[in-house]
Amino acid sequence: MQRFLKTLAIILVAVSVVLAGSAMAAEHGGGGKKAPTSRSASEGAPKASESGGLGGSKVYVSIGPIILPVITDEGPQQIVTMIVSLQVNDTNDSDTVRQQLPRLIDAYMRALYGRLDASTLLHGTVVDVDFVKRKVAKATEEILGPGLVEDVLIQAISQRQV
């Protein structure tokens, strides 16, 4: 009976070591793709998340939600909420982007606030996503310089009537 308990104890220890090693490998990027993580740029600021893998995979920094009004001659008509992702080469570049999040959000607000009006809407109700993407890309390049961000992706846009 004692031999059976010793064998069982050894098996349990071995399984624990294997599971702990797998968990550490996954946590430190050794198990393929990294799980998305969330980090706060600063208190009250939108969250940035990073996802990517090993071996040349791109890294994405998510910014948002960013909330903007749609203003026409009659005043505010809609509230537009959007989430932007910036594609960069690696985690070093994503760290650089994360450090500049307050400046990026400010640039996006300045580029779009009050400029979402009837001329930037399609069919009178839908935001022109290409217009928004161009403005966000230009603001991103002004803050971070050319070449750091490979692509600006509009992940989500929602509109709500006021």
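This one's a predicted model, so the numbers in the text were calculated from it and none came from an experiment.
- If you take CD1 on Ile71 and OH on Tyr113, they are separated by 4.5 Å, rounding to the nearest 0.5 Å.
- The line from CG of Leu144 to CG of Asp93 is 9.5 Å long, rounded to the nearest 0.5 Å.
- A donor-acceptor contact shorter than 3.5 Å is absent between the side chain of Glu150 and the backbone of Leu148.
- In summary, of the residues considered (Asp90, Thr96, Asn92, Thr91), a side chain to side chain contact (heavy atoms under 4.5 Å, CB included) with Ser94 occurs for Thr91 alone.
- Under a 4.5 Å side-chain heavy-atom criterion applied to ILVMFWY residues, the cluster that includes Val162 comprises Ile67, Ile79 as well.
- In this structure, CD1 in Ile157 is found 10.0 Å from CD1 in Ile66, a value given to the nearest 0.5 Å.
- For Gln77 against Gln161, the heavy-atom pair with the smallest separation is O-OE1, 3.3 Å.
- Residues satisfying the side chain to side chain donor-acceptor pair (under 3.5 Å) test with Asp106, not counting sequence neighbours, are Arg110.
- Checking each of Leu86, Val97, Val84 against Thr140 for a side chain to side chain contact (heavy atoms under 4.5 Å, CB included) leaves exactly one that passes, namely Leu86.
- Here the CZ-CG distance, from Arg134 to Asp130, works out to 6.0 Å after rounding to the nearest 0.5 Å.
- Ion pairing between a basic and an acidic side chain is recognised when a charged N comes within 4.0 Å of a carboxylate O; Asp151 and Lys133 show such pairing.
- Pairing each heavy atom of Ser85 with each of Gln155, the nearest pair is OG-CG, 3.1 Å.
- Here Leu153 contributes atom CG and Tyr60 contributes atom OH; the two are 6.5 Å apart, rounded to the nearest 0.5 Å.
- A search for side chain to side chain donor-acceptor pair (under 3.5 Å) contacts involving Glu74 returns Thr72, not counting sequence neighbours.
- Across all their heavy atoms, Gln159 and Val80 have their closest contact at CG-CG2, 4.0 Å.
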After noting the C-alpha distance and the side-chain angles of Val132 and Met82, does the key distance pass the side chain to side chain contact (heavy atoms under 4.5 Å, CB included) rule?
CA-CA 10 Å; Val132 171; Met82 67 178 190; 3.6 Å; yes
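- The shortest heavy-atom contact between Pro65 and Ile83 is CA-CG1, 4.1 Å.
- Looking at heavy atoms from C-beta onward, Tyr108 lies out of side-chain contact with Leu68 at the 4.5 angstrom threshold.
- Residues Lys58 and Asn89 meet the side-chain proximity criterion, which asks for heavy atoms closer than 4.5 Å.
- The CE atom of Met109 sits 13.5 Å away from the CG atom of Leu104 when rounded to the nearest 0.5 Å.
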